[in-house]
Peer 1: 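Below you'll find the structure I mean.
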Amino acid sequence: MTTSSSKLNSNSTVLWTQTQAELLARRDPTDRLSFTPTAPFPGLTLIGGVDISYPRNTTSTAIVALTILSYPSLTQLYLQTHQIPITEPYISGFLAFRESPAYLAAFASLRTNNPELWPQVVLVDGNGTLHPRRFGSACHLGVELDIPTIGVAKNLLYMEGMTVDAKELKHMFKEDKTLGGVGIGVNGDVCAMAVRPTAGEGATNPIFVSPGHRVSMQTAVELVRCCSRYRVPEPIRVADLHSRVVVRQLEEELEASVSAK
DNA sequence: GCGACAG
DNA sequence: ATCTTGTCGC
């Protein structure tokens, strides 16, 4: 008798759904911040960003990058990568179970080596409340660390009950050049904002911002706008670019070790 | 019914 | 996420 991997995945999914429900009970949807939750955010000086890049031809390991930028200058104060084992597959709606361990390792290192740079808010590459169970990876990391987080996704996660789809949104931003953002409702809740990328009126491909933990929708959007020079806000952009550089190095090392034997 | 599904 | 070149435009 054989055991199919899809069967294993669906079993994990049941447990993971339960875990998400438990952690959701600990999520704080309000502004519980160490700075004033209104632009230009007096008191805010340290903002974090995290992202993960995966090497081609390998599924067991990845590179996580954590960066800390000063605010409002967006100067890079810290940028560290870690090679982390990846044990779980990517399953839509359960991204945190794949990536959160890597994030936790990165933050553990920061706490040990540069505790003075512990961020006041963290931008996460993924969704917050824009999620089938209102608990995306940004919420997950936020609750685990009890740190304010904001989810920023480059693509729309489709789910039942959504008021708009990606194509409609693109149309709306194209039609109305002054449109800055569109609320994304799911079964009566506005759980995200499609935000027109900063850098002009011509851009029509939005980013999707949703609160993670200890941040309101309003504050999340405002803050993302305030640290965006390009489509992707700086903290995530810096982490993304650097993790990609390091992933290339890892790929070369892997190639070398193969040809060496 | 088919397709759409963060990274 | 990753595989991938040039190209149109500011």
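Order of the sequence lines fixes the chain letters, A, B, ..., with proteins taken first and strands second; residue numbering starts at 1 for each chain. Just so it is clear, the values below take in all heavy atoms, side chains as well, and ignore hydrogens, waters and symmetry mates.
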Peer 1: Going through the distances and angles, do S53(A) and S243(A) end up as a side-chain hydrogen bond (donor to acceptor under 3.5 Å, both in side chains)?
Peer 2: CA-CA 6 Å; S53(A) 290; S243(A) 64; 2.8 Å; yes
Peer 1: Got a second to check how far C191(A)'s SG is from M217(A)'s CE, nearest 0.5 Å?
Peer 2: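 C191(A) atom SG to M217(A) atom CE measures 8.5 Å (nearest 0.5 Å).
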Peer 1: Go through the side-chain N and O atoms of S73(A) and S70(A) and say whether any donor and acceptor fall under 3.5 Å apart.
Peer 2: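 Looking only at side-chain atoms, S70(A) and S73(A) do form a donor-acceptor pair, the distance falling under 3.5 Å.
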Peer 1: Do T13(A) and I91(A) have side chains that approach each other closer than 4.5 Å (heavy atoms only, starting at C-beta)?
Peer 2: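 The answer is yes; the side chains approach within 4.5 Å.
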Peer 1: For E160(A), look at atom CD and say whether over 12 heavy atoms of other residues, nucleotides or ligands are found less than 6.0 Å away.
Peer 2: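 Result for CD/E160(A): open.
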Peer 1: Please work out the stems of DNA chain C from pairs that are Watson-Crick or G-U wobble with both distances under 3.5 Å, keeping only runs of three or more consecutive pairs.
Peer 2: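 Listed by first number, the stems come to none.
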Peer 1: Contact class for G93(A) vs. all strands (heavy atom < 4.0 Å): base, sugar-phosphate, or nothing?
Peer 2: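 Base: the residue G93(A), judged by heavy atoms under 4.0 Å, touches a nucleobase.
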Peer 1: What does the 5'-to-3' dot-bracket notation of DNA chain B look like when only Watson-Crick and G-U wobble pairs under 3.5 Å count, and pairs to other strands show as |?
Peer 2: .......
Peer 1: Does a side-chain N-to-carboxylate-O contact under 4.0 Å join D51(A) and R237(A)?
Peer 2: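 Result for this pair is no, no salt bridge flagged.
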Peer 1: On DNA chain B, which is the earliest and which the latest nucleotide, 5' to 3', with an atom closer than 4.0 Å to a heavy atom of chain A?
Peer 2: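 For DNA chain B, the relevant span reads dA4(B) to dG7(B).
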Peer 1: Within the 4.0 Å heavy-atom criterion, would you say F94(A) contacts the bases, only the backbone, or no part of the nucleic acid?
Peer 2: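 The residue F94(A) makes base contact.
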Peer 1: Less than 4.5 Å apart, side chain to side chain, heavy atoms only: is that true for L117(A) and L110(A)?
Peer 2: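 Heavy-atom side-chain distance check passes, below 4.5 Å.
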Peer 1: Go through the steps for V224(A) and V195(A) under the test side-chain contact (heavy atoms from CB on, under 4.5 Å), then give the verdict.
Peer 2: CA-CA 9 Å; V224(A) 164; V195(A) 176; 5.6 Å; no
Peer 1: For the atom pair NE2 (H82(A)) and CD1 (I63(A)), what is the distance rounded to the nearest 0.5 Å?
Peer 2: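 Between H82(A) NE2 and I63(A) CD1, I get 10.0 Å after rounding to 0.5 Å.
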Peer 1: Which pairs, protein N/O on one side and nucleotides 7-10 of chain C N/O on the other, fall under 3.5 Å?
Peer 2:
none

Peer 1: Rounded to the nearest 0.5 Å, how far does CD of E88(A) lie from OG1 of T59(A)?
Peer 2: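 Taking OG1 in T59(A) and CD in E88(A), the distance rounds to 11.5 Å.
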Peer 1: Would you say CD of Q18(A) has more than 12 non-hydrogen atoms from neighbouring residues, nucleotides or ligands within 6.0 angstrom?
Peer 2: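 Check fails, neighbour count at 12 or below.
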Peer 1: Can you tell whether the side chains of R225(A) and E222(A) come within less than 4.0 Å, N to carboxylate O?
Peer 2: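 The answer is no: the pair does not qualify as a salt bridge.
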Peer 1: May I ask you to check whether F97(A) and H140(A) place their ring centres under 6.0 Å from each other?
Peer 2: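 Close enough - the centres of the two rings lie under 6.0 Å apart.
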Peer 1: Begin from the C-alpha positions of E144(A) and S100(A) and carry the test side-chain hydrogen bond (donor to acceptor under 3.5 Å, both in side chains) through to its verdict.
Peer 2: CA-CA 9 Å; E144(A) 283 182 324; S100(A) 170; 2.4 Å; yes
Peer 1: What are the atom names and distances for every N/O pair under 3.5 Å that joins the protein to nucleotides 1-4 of chain C?
Peer 2:
residue : atom : partner : partner atom : Å
dA1(C)  : OP1  : R244(A) : NH2          : 3.4
dC3(C)  : OP1  : R248(A) : NH1          : 3.4

Peer 1: Ignoring hydrogens and angles, write down the donor-acceptor pairs under 3.5 Å from the side chains of residues 206-216 of chain A, residues two or more places apart or on other chains.
Peer 2:
residue : atom : partner : partner atom : Å
S210(A) : OG   : G128(A) : N            : 2.7
S210(A) : OG   : T129(A) : N            : 3.4
H213(A) : ND1  : D28(A)  : N            : 3.0
H213(A) : NE2  : D146(A) : OD1          : 3.0
R214(A) : NE   : R32(A)  : O            : 3.1
R214(A) : NH1  : D146(A) : O            : 2.7
R214(A) : NH2  : R32(A)  : O            : 3.0
S216(A) : OG   : D31(A)  : OD1          : 3.3
S216(A) : OG   : D31(A)  : OD2          : 2.9
S216(A) : OG   : T219(A) : N            : 3.2
S216(A) : OG   : T219(A) : OG1          : 3.0

